[in-house]
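Some notes on the structure that comes next.
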Amino acid sequence: MKYLRIARFSCLLFIATVCRAQQYSGTGLIHAHNDYVHPIPFLNAYYQEAASIEVDIFLHNGQLCVAHTDKEIDPKKTLEALYLLPLQEKVRFHGGKVYAKDKPLTLMIDLKTPGATTVPALVKVLQKYPTLTSCPSLTITLSGSVPEPATWSSYPAFIHFDGRPAATYTPEQLARISMMSDDFSRYTIWNGKGVILSQDRKKIEDVIQSVHARGKKFRFWATPDVVNAWITLGKLGVDYIGTDKVVDLNKFMKETPHVTFTNADVHRVAPAPVLPASTAVARNIIFLIGDGMGLAQQYAGYTANHGALNLFTMPVVGLSITTSADRYITDSAAGATAMASGKKTNNRAVGVDSLSRPIPSIIAPLRQHGFRTGVISTGDITDATPAAFYGHSADRASSEVIAADFLSSDIDVLIGAGSGHFLQRKDGRDLRGELQQKGYTVATDVRTLDTLRSSKFVLLDNTMGLSMKQGRGHLLATTLDKTLQTFSTGPSPFFIMAEGAQIDWGGHSNDMEYVVREMLNFDEVVGRAMQYVAKHPETLLVVTADHETGGLTLLDGNLKTGDVRGHFSTDDHTATPVIVFAYGAGASNFAGVYQNTELYKKMLKVLGIQP
């Protein structure tokens with residue numbers, strides 16, 4: 001699968017980091033605006049590896065004092081004390097480099113008193129620090145009340161200047177300019193919310209392009225200092241992003257590779273299905289669970305797939321409340337148990353009630369009515385979600401106990417990873433032999449799937465537990481197709497639960513690429529299931545999640561290119577209700593807002609079975 005990571009916000013280079021495909025513009029370097037106002041000047045920005053640190057100075061009684069206004073001048077707060085001495089210490093410590101990895105730093109000295117008198121005094125002070133003036137990764141740049149460009153050649157070569165895009169410079173003067181800057185308010189009154197007016201955007205793009213054409217980097221001053229502004233400025237091509245929130249901006253930049261993704265593998269989504277004649281009773285159920293899949297994950301997939309998702313063509317939508325018996329925020333064990341059995345239980349509990357008493361899942365009444373049943377997962381098949389349909393344990397981590405419980409479940413097909421809990425057990429028990437005695441064919445290689453002819457089989461291959469990033473491919477769709485094919489050969493109705501387990505894992509990792517690729521893989525399975533329902537209208541398809549993972553919000557995206565940027569508020573689950581989608585016979589029963597336990601009751605109802 002071809003895919004691309006969106007360009008990084010990097011404190012080193014104004015480039016896009018591209019993986020196999022096209023560039024996504026969204027770079028920027030940290031410019032620590034008015035750094036000296038922070039409780040710890042210089043070091044606060046330095047330890048965030050800012051690319052540019054700005055300090056205002058006044059020539060006061062022969063001293064170069066650091067202050068915002070002349071009324072705030074404190075003779076103890078000098079340029080030497082607050083910046084030159086600590087910077088010299090760092091350069092010496094790193095063997096002649098500003099930062100350990102030789103990242104460049106611009107020390108921008110904003111002159112608040114006339115340059116004609118201030119610059120000579122500054123040069124005299126700087127000449128006391130040859131460690132700094134000769135440091136190849138340090139650029140000393142003067143801004144503010146700088147001398148006339150015609151005089152620049154009279155100053156030492158270690159002095160550079162902050163240019164203005166509207167000014168005209170000779171080639172020699174241009175060579176002394178390390179960057180160009182301008183007042184953001186000259187181009188727009190945008191406050192950082194929403195989008196910039198198109199005519200203002202054009203002016204901004206034009207000035208940035210003109211500066212880049214002169215071979216210089218560019219920054220605005222007086223820009224909004226919020227996340228949406230950082231994203232917008234980066235996409236516009238601004239080289240330096242000015243901020244008073246250096247720590248926040250650095251974190252924002254560092255997380256960019258993990259929370260941004262551009263999808264280059266778009267799958268086809270069929271038009272909205274033609275609804276079959278309304279049928280209250282279903283014969284079969286396909287129940288798909290996207291573990292950790294909230295609305296933000298779905299819309300991230302929709303965006304990445306260029307504005308198309310099979311899931312969003314399903315005609316009936318409801319909301320499931322996921323709270324467990326003992327916690328406001330459920331885990332997968334309690335969430336899946338509620339859906340599988342119709343009873344709330346405690347977090348970590350699988351197939352038992354809140355008092356740890358075993359409770360039957362939906363499999364039990366279905367088997368009594370002659371249903372063939374299957375459970376599939378792209379994770380460990382003894383993990384919480386699939387385990388809730390056949391296992392019974394107060395602790396979801398009791399994998400060998402849960403594996404042994406499968407023997408009494410009478411489920412026809414079981415497919416997933418986690419073969420060790422069945423075949424290399426610590427207790428030495430041979431579940432392979434016991435399964436074969438019960439009539440199962442046991443396979444351990446998913447590549448042999450097409451060769452399986454038995455109506456009852458267990459396929460345990462750890463390849464099923466790989467992520468899409470690791471190369472799992474279309475195994476969830478392939479195994480669902482095989483199970484549908486197996487169950488369609490006889491007269492019995494069927495129930496299949498298939499789990500896309502790793503949307504959740506991507507949320508726990510706060511990794512947008514992981515989330516989106518798992519979401520799109522799951523959506524392809526939804527499309528396959530919808531095609532089956534279209535041909536077999538007596539079948540009901542229900543798609544939902546056990547909970548949302550990651551507290552994902554979407555900060556930026558592009559429906560045409562598949563770019564998407566998110567933000568994770570947690571690396572754990574959240575309490576946000578999850579969407580229930582339904583299509584086929586009895587689908588209308590799944591509209592509305594209800595507890596997750598109602599899914600069990602609704603599925604039995606549309607099958608005509610009393611709970």
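Annotation for K251: atom NZ does not count as buried by contact number, only 12 or fewer foreign heavy atoms lying within 6.0 Å. Within a 6.0 Å sphere centred on CD1 of I40, heavy atoms belonging to other residues, nucleotides or ligands number 12 at most. More than 12 heavy-atom neighbours from other residues, nucleotides or ligands sit within 6.0 angstrom of CD on Q470. Within a 6.0 Å sphere centred on CD of Q209, other residues, nucleotides and ligands contribute 12 heavy atoms or fewer. For R327, the CZ atom sits in a loose shell: 12 or fewer heavy atoms of surrounding residues, nucleotides or ligands are nearer than 6.0 Å. The 12-atom threshold is not exceeded at NZ of K77, counting heavy atoms of other residues, nucleotides or ligands nearer than 6.0 Å.
Between the side chain of R214 and the main chain of L174, no donor-acceptor pair closer than 3.5 Å is present. In this structure, the side chain of D546 engages the main chain of G292 through a donor-acceptor pair within 3.5 Å. The backbone N or O of R348 sits less than 3.5 Å from a side-chain atom of D331, completing a donor-acceptor pair. At distances below 3.5 Å, at least one donor-acceptor pair connects side-chain atoms of Q502 with backbone N or O atoms of G465. The backbone N or O of L59 sits less than 3.5 Å from a side-chain atom of T113, completing a donor-acceptor pair. Judged by distance alone, the side chain of N510 and the main-chain N or O of T570 form a donor-acceptor pair under 3.5 Å. Counting only distance, with no hydrogens or angles, the side chain of N521 and the backbone of G473 share a donor-acceptor pair below 3.5 Å. In this structure, T262 contributes its side chain and G562 its backbone to no donor-acceptor pair below 3.5 Å. A distance-only check finds a donor-acceptor pair linking the side chain of S377 to the backbone of G379 [under 3.5 Å]. In terms of modelled atom types and a separation under 3.5 Å, the side chain of H573 and the main chain of E548 share no donor-acceptor contact.
With hydrogens and angles left out, the side-chain atoms of T549 and H547 include a donor and acceptor closer than 3.5 Å. A side-chain donor-acceptor contact under 3.5 Å links T141 and S178.
S153 and A150 make their closest contact through OG-O, 4.3 Å (heavy atoms, listed as atom of the first residue, atom of the second, distance). Taking each heavy atom of I329 and S324 in turn, the nearest pair found is O-OG, 4.3 Å. Closest of all the heavy-atom pairs between G566 and L552 is CA-CD1, 4.0 Å. The two atoms that bring A575 and Y328 nearest to each other are CB-CE2, 3.3 Å, heavy atoms only. Of all heavy-atom pairs between D291 and A501, the closest is CB-O, 3.7 Å. Minimum heavy-atom separation, T188 to I204: CG2-CD1, 4.0 Å.
Taking the six-membered ring where the residue is Trp, W152 and F161 present parallel rings, their angle staying beneath 30° rather than reaching 60°. Note: Y299 and Y302 have parallel aromatic rings, judged against thresholds of 30 and 60 degrees for the angle between ring planes.
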#### Entry: Test side-chain hydrogen bond (donor to acceptor under 3.5 Å, both in side chains) applied to D239 and H212, step by step
CA-CA 10 Å; D239 300 276; H212 288 169; 2.6 Å; yes
### Query
Does the side-chain hydrogen bond (donor to acceptor under 3.5 Å, both in side chains) test come out yes or no for S320 and N596, once each step is laid out?
CA-CA 5 Å; S320 170; N596 52 4; 5.0 Å; no
### Task
Check the pair L87 / T131 against side chain to side chain contact (heavy atoms under 4.5 Å, CB included), numbers first and verdict last.
CA-CA 9 Å; L87 180 54; T131 302; over 6 Å; no
### Task
List the steps, then state whether salt bridge (Lys or Arg N to Asp or Glu O under 4.0 Å) holds for R219 with D162.
CA-CA 10 Å; R219 76 174 178 107; D162 179 21; 3.5 Å; yes
### Task
Take H258 and Y514, measure what side-chain hydrogen bond (donor to acceptor under 3.5 Å, both in side chains) needs, and give me the verdict at the end.
CA-CA 9 Å; H258 304 290; Y514 198 158; over 6 Å; no
### Task
Please lay out, stage by stage, how E80 and K128 fare under the test side chain to side chain contact (heavy atoms under 4.5 Å, CB included).
CA-CA 10 Å; E80 288 188 81; K128 295 162 52 179; 3.0 Å; yes
### Message
Could you walk me through whether Y83 and D35 satisfy the side chain to side chain contact (heavy atoms under 4.5 Å, CB included) test, starting with their C-alpha distance in whole Å, then the side-chain angles of each, then the deciding distance to 0.1 Å, before giving a yes or no?
### Response
CA-CA 10 Å; Y83 288 88; D35 172 75; 2.6 Å; yes
### Task
Could you walk me through whether D206 and K203 pass side chain to side chain contact (heavy atoms under 4.5 Å, CB included), step by step?
CA-CA 5 Å; D206 286 347; K203 290 188 291 184; 5.7 Å; no
### Task
Take E49 and K254 through the salt bridge (Lys or Arg N to Asp or Glu O under 4.0 Å) test and state the conclusion after the steps.
CA-CA 11 Å; E49 296 189 338; K254 284 185 174 180; 5.3 Å; no
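When side chains are defined from C-beta on, K97 does not count as touching C135, because their heavy atoms never get closer than 4.5 Å. The closest side-chain heavy-atom distance from F568 to V515 is below 4.5 Å. Looking at heavy atoms from C-beta onward, D225 lies in side-chain contact with W230 at the 4.5 angstrom threshold. Side chains of Y36 and E72 form no contact here, defined as non-hydrogen atoms less than 4.5 Å apart. The side-chain heavy atoms of T322 and V578, taken from C-beta on, include a pair separated by under 4.5 Å. Within the 4.5 Å cutoff, the side chain of T303 has no heavy atoms near those of the V516 side chain. Within the 4.5 Å cutoff, the side chain of R565 has no heavy atoms near those of the M512 side chain. Here the side chains of D556 and K235 are in contact, with some heavy-atom distance below 4.5 Å.
Once rounded to the nearest 0.5 Å, the distance linking CG of D244 with NE2 of H38 reads 5.5 Å. Annotation: the span from L84 atom CG to I140 atom CD1 amounts to 7.5 Å, rounded to 0.5 Å. Here OG1 of T260 is found 9.0 Å from CG of D563. Values are rounded to the nearest 0.5 Å. Within the model, atoms CD of E513 and CD of E518 stand 10.5 Å from one another, a figure rounded to the nearest 0.5 Å. Between the NZ atom of K469 and the CG atom of D511 there is a distance of 3.5 Å, given to the nearest 0.5 Å. Expressed to the nearest 0.5 Å, how far OH of Y240 lies from NZ of K217 amounts to 4.5 Å.
With respect to D182 and R164, no salt bridge is recorded, no charged nitrogen being found less than 4.0 Å from a carboxylate O.
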